Amino acid sequence: MASKSEIVHAKKIFSILKKEYPSVKPALNYTNAFELLIATILSAQCTDARVNIVGESLFKKYRTPEDFFKVTNEELEKDIRSTGFYHQKAKSIKECSKILVEKYSGQVPADFDALTNLPGVGRKTASVVAGNAFGIPAIAVDTHVKRLSNILGFIHSDNPEKIEMKLKELLPEGDWINSSHYLAAHGRKVCIARRPHCLQCVLADECPSFNPESK
DNA sequence: CTCCCGATAT
DNA sequence: ATATCAGGAG
């Protein structure tokens, strides 16, 4: 599916990003798989910085799935309100916690399909947890990965699953987990959605969307 | 496809 | 005022 030249192009770009962001890591703060799962659910349409602020106090109050399951929806909504979409997120977190307790003895399943079957968990959240908590090869396609994949010419599509599959064709399995971190880091710092800094971009020579009048 | 919805940058 | 932020469910 992916041509030789596409693979060479992608390899060059990720080689540059790897040098640019040597200590790449998940932008969300967490100390275990369960916290990462909850934090990633909260991160939908919300900055990682905001989730980290909410998470700091949240994970002092709620340490296990049982803690989330016991609390009322109203109280949980109040505790996560500033991440937005709080009604749906609180509902997802409570239902999700219930299933973790009843079906997985309180543990987060280390399996992609089991994760996507949890309420409030789609491919992106499942990929983040599978990859970062359990080391299972996966590519999390968030808004940055989606935007940069199109800007850099890996694909022309808004469909997250198609983008995920294309990136998996372009990259060796061992690079899958970090690839989304590189694209997200670059998307936050340089290739910003509102205002891309093309003149400061290390990928300028490789980028089909390079704009010399960018800034 | 639409709806969910707060915080921040521009 | 408007766009955007590590999306997912109905």
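Computed over heavy atoms, backbone and side chain alike; hydrogens, waters and symmetry mates excluded. All chains are named by letter (A, B, ...) in the order of the sequence lines, taking the proteins before the strands, and each is independently numbered beginning at 1. What you see is a predicted model; the values in this text were computed from it and never measured.
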**Student:** To the nearest angstrom, how far is A:Arg188 atom CZ from B:dA7 atom P?
**Tutor:**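 For the pair A:Arg188 CZ and B:dA7 P, the rounded distance is 21 Å.
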
**Student:** Provide, to the nearest angstrom, the distance between the CD1 atom belonging to A:Ile41 and the P atom belonging to B:dG6.
**Tutor:**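 Spelled out: CD1 on A:Ile41 to P on B:dG6 is 19 Å.
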
**Student:** Name the nucleic acid region contacted by A:Ser43, choosing base, sugar-phosphate or nothing; use a 4.0 angstrom heavy-atom cut-off, strictly under.
**Tutor:**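 Since only primed, P, OP1 and OP2 atoms lie under 4.0 Å of A:Ser43, the category is sugar-phosphate.
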
**Student:** Between A:Glu35 and A:Arg63, is the closest basic N to carboxylate O distance under 4.0 Å?
**Tutor:** no

**Student:** Starting at the 5' end of DNA chain B, which residue's closest nucleotide do you reach first, A:Ser82 or A:Gln88?
**Tutor:**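 Closer to the 5' end of DNA chain B: A:Gln88.
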
**Student:** Does A:Thr83 reach a base, just sugar-phosphate, or nothing at all? Heavy atoms under 4.0 Å.
**Tutor:** nothing

**Student:** Whole angstroms only, please: what is the CG-P distance between A:Asp142 and C:dG8?
**Tutor:**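 From A:Asp142 CG to C:dG8 P: 10 Å.
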
**Student:** How long is the line joining NZ of A:Lys124 and P of C:dA6, in whole Å?
**Tutor:** 9 Å

**Student:** Under 3.5 Å, is there a donor-acceptor pair between the A:Glu66 and A:Thr64 side chains?
**Tutor:** yes

**Student:** Whole angstroms only, please: what is the CG-P distance between A:Leu37 and C:dG8?
**Tutor:** 11 Å

**Student:** Starting from P on C:dG7, measure out to CG on A:Leu115 and report it in whole angstrom.
**Tutor:** 17 Å

**Student:** Which value, in whole Å, describes the distance between the C1' atoms of nucleotides B:dC4 and C:dT4?
**Tutor:**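 One C1' to the other, the span is 16 Å.
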
**Student:** Heavy atoms from C-beta onward define the side chain here; which of C:dA6, B:dC5, C:dC5 lies closest to that of A:Tyr86?
**Tutor:** B:dC5

**Student:** Under 4.0 Å from OP1 or OP2 of B:dT10: is there any side-chain N or O of A:Arg195 that close?
**Tutor:**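 For A:Arg195, the contact criterion (side-chain N or O under 4.0 Å from OP1 or OP2 of B:dT10) is not met.
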
**Student:** So what does A:Ala193 hit on the nucleic acid, given a heavy-atom distance under 4.0 Å: a base, only sugar-phosphate, or nothing?
**Tutor:** sugar-phosphate

**Student:** Would you please confirm or rule out a distance under 4.0 Å between OP1 or OP2 of C:dG8 and any side-chain N or O of A:Thr125?
**Tutor:**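 Answer is yes, contact under 4.0 Å.
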
**Student:** Whole Å only: how far is the CD atom of A:Glu77 from the P atom of B:dC5?
**Tutor:**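 In whole Å, B:dC5 P and A:Glu77 CD are 9 Å from each other.
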
**Student:** Pick the closest DNA chain C nucleotide for A:Val128 and for A:Pro119 by heavy atoms, then say which residue is nearer the 5' end.
**Tutor:**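 Comparing both residues, the 5'-ward one is A:Val128.
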
**Student:** How far does the C1' atom of B:dC5 sit from the matching atom of C:dT2, given to the nearest Å?
**Tutor:** 15 Å

**Student:** What's A:Val145 touching, base or sugar-phosphate or nothing? Going by heavy atoms closer than 4.0 Å.
**Tutor:**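 A:Val145: no heavy atom of the nucleic acid under 4.0 Å.
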
**Student:** Check the geometry between A:Phe85 and B:dC4 and answer yes if their rings are stacked (centres below 5.5 Å, planes below 30°), otherwise no.
**Tutor:**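 Taking the rule of under 5.5 Å and under 30°, the ring of A:Phe85 does stack on B:dC4.
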
**Student:** Does the pair A:Glu164/A:Lys168 count as a salt bridge with the N-to-O cut at 4.0 Å?
**Tutor:** yes

**Student:** Hey, are A:Lys61 and A:Glu56 close enough for a salt bridge, meaning a charged N less than 4.0 Å from a carboxylate O?
**Tutor:** no

**Student:** Going by the angle between their ring planes, with limits at 30° and 60°, are A:Phe68 and A:Tyr62 parallel, tilted or perpendicular?
**Tutor:**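 Aromatic pair A:Phe68/A:Tyr62 classed parallel.
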
**Student:** Please tell me which of A:Asn132 and A:Leu118 maps to the more 5' nucleotide of DNA chain C, matching each residue to the nucleotide holding its nearest heavy atom.
**Tutor:** A:Asn132

**Student:** State whether a side-chain donor-acceptor pair under 3.5 Å links A:His87 with A:Glu77.
**Tutor:**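 Yes, A:Glu77 and A:His87 have a side-chain donor paired with an acceptor closer than 3.5 Å.
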
**Student:** Please state how far atom NE2 in A:His87 lies from atom C1' in B:dG6, giving the value in whole angstrom units.
**Tutor:**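 Taking atom C1' of B:dG6 as the reference, NE2 of A:His87 is at 16 Å.
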
